[in-house]
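We name chains A, B, ... by the order of the sequence lines, and we start the count at 1 in each one. All values below were derived from every heavy atom in this structure, side-chain atoms included, with hydrogens, water molecules and symmetry-related copies excluded.
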Amino acid sequence: MGNFSQHTHINIIANQNVWLEDSAIAQLQATAALAHIQAAVGLPDLHAGRGYPIGAAFFSTAHFYPALVGGDIGCGMALWQTDLKHHKISGSKLAKQLGNMDGVLPDNLLQDAANALGGLALQHLPLDFDSLHQSLGTIGGGNHFAELLQLDSLFVEQPHLDKSHLFLMVHSGSRGLGGEILRQHLNQFGHQGLAANSIEATKYWAQHNAALHYAHLNRLYIAKRMFKAWKTSASCVLDISHNHVVPFEWNGQAGFLHRKGAAPADQGWVMIPGSRGDYSYLVEPIGGEMALYSLAHGAGRKWARGDCQGRLAHKFKAQDLRQTQFGSTVVCGDKGLLYEEAPQAYKNIDAVIASLVDVGLCRLIARFKPVMTYKKGETPCC
DNA sequence: ATGTCC
């Protein structure tokens, strides 16, 4: 057998109010039992994924697992404070000003984007410059979004956060790049772990790091194109990836920390979004040893994507889902996605946040409520 | 998650 699963530490951070599926816990245990994994943590947004759970962190020694990071390498959350004033303009008007954001960047950002991509190690990557250039600044599908927020409550006095301003939160990743890196890697090596410092580990590592960089630029250019459309400027509060593997020391051992839909607790403030119809929380991580220096990356799914339309269509028409309990506007031209990402499909964010706060993993800085959520254009882009 | 895949 040769693995040490009987010694693996497994910790699940969730209070009794958090929805937790047995299938997600089974995936957490199965992944924790892989060779070389020493510790596993399920965050309160834990839910079942494709083979591996989402909302989880894993520490391994000597080897690491590209398959565990998954296809969206570098996916993460970014937050800006914009110069827009919340009382001046409605979510629906702001959505109209955006138009369609799904195609290539507007001309006035394309050259800027090309220059930014110059810093990428293209020789290591499976996609060429043109392909990366065309995808840059696009949100993508699934749970990705860009959302304008109103700062609803400040729990700690923060001179740099202004309640009269709107904030922009962007959740997106490395688009086709991360998926292609994983696909090519799986073709050659399958799901096995890679020995640290091996040739294949070194190659994956270079690609992984480039995907992290590309994903960061993608969120930046999504934000930039929106700021252009709104004729506003903004300052970045944070930009943090929640899908990655990094060298890490745990319990006195050198190894690797895999975060699979888990926000880092060692890189400053973290934004934890609720569903598009719920609050989002800005938190300050504290300590983190018990949770492998990781926090929830969102509310976490409660319903499988495939179940949503069937569960909701008898009660809600598509149009009903384009507005939330806060009166915020949802832009989503894809009817299937409108149902899959409905607030009802997600866990209660307050239970998720309380689970983290109760065990001392973070303190609250601010609460935000959605004004406008952009998923996909309502009108054709090209 | 994916200019997806049957």
>> Expressed as a whole number of angstroms, how long is the span from A:Tyr214:OH to B:dT2:P?
In response: 11 Å
>> Looking only at the side chains, is there a donor atom on one of A:Gln188 and A:Gln184 sitting less than 3.5 Å from an acceptor on the other?
In response: no
> Parallel under 30°, tilted from 30 to 60°, perpendicular over 60°: which one fits the rings of A:His9 and A:Trp250?
Replying inline: perpendicular
> Which parts of residues 170-185 of chain A get close to DNA chain B, meaning a heavy atom less than 4.0 angstrom away?
Replying inline: A:Arg175, A:Gly176
>> Distance check needed: B:dT4 C1' versus A:Asp334 CG, whole Å only.
In response: 13 Å
>> Can you pull out the residues from residues 139-147 of chain A that lie within a 4.0 Å heavy-atom distance of DNA chain B?
In response: A:Gly140, A:Gly141, A:Gly142, A:Asn143, A:His144
> Hey, is A:Glu200 close enough to A:Lys203 for a salt bridge, meaning N to O under 4.0 Å?
Replying inline: no
> Between A:Asp128 (CG) and B:dG3 (P), how many Å, whole number?
Replying inline: 13 Å
> Between B:dC5 atom C1' and A:Arg50 atom CZ, what is the distance in whole Å?
Replying inline: 10 Å
>> In whole Å, I'd like the distance from the CZ atom of A:Arg259 to the P atom of B:dA1.
In response: 19 Å
> For the residue pair A:His63 and A:His36, does the interplanar ring angle fall in the parallel (under 30°), tilted (30 to 60°) or perpendicular (over 60°) class?
Replying inline: parallel
>> By the definition salt bridge (Lys or Arg N to Asp or Glu O under 4.0 Å), identify the one residue from A:Arg301, A:Arg305, A:Arg276 that meets it with A:Glu340.
In response: A:Arg305
>> Check this for me: A:Asp22, atom CG, are more than 12 non-hydrogen atoms of other residues, nucleotides or ligands nearer than 6.0 Å?
In response: no
> Parallel under 30°, tilted from 30 to 60°, perpendicular over 60°: which one fits the rings of A:Phe227 and A:Trp80?
Replying inline: perpendicular
> Taking atom P of B:dG3 as reference, at what distance in whole Å does atom CG of A:Asn100 sit?
Replying inline: 16 Å
> What integer distance in Å separates A:Leu132:CG from B:dT2:C1'?
Replying inline: 14 Å
>> Below 30° counts as parallel, above 60° as perpendicular, anything between as tilted: where do the rings of A:His47 and A:His297 land?
In response: parallel
> When the ring planes of A:His208 and A:Trp205 are compared, do they come out parallel, tilted or perpendicular, using 30° and 60° as the limits?
Replying inline: parallel
> Rounding to a whole Å, what distance do you find between A:Leu136:CG and B:dT2:C1'?
Replying inline: 17 Å
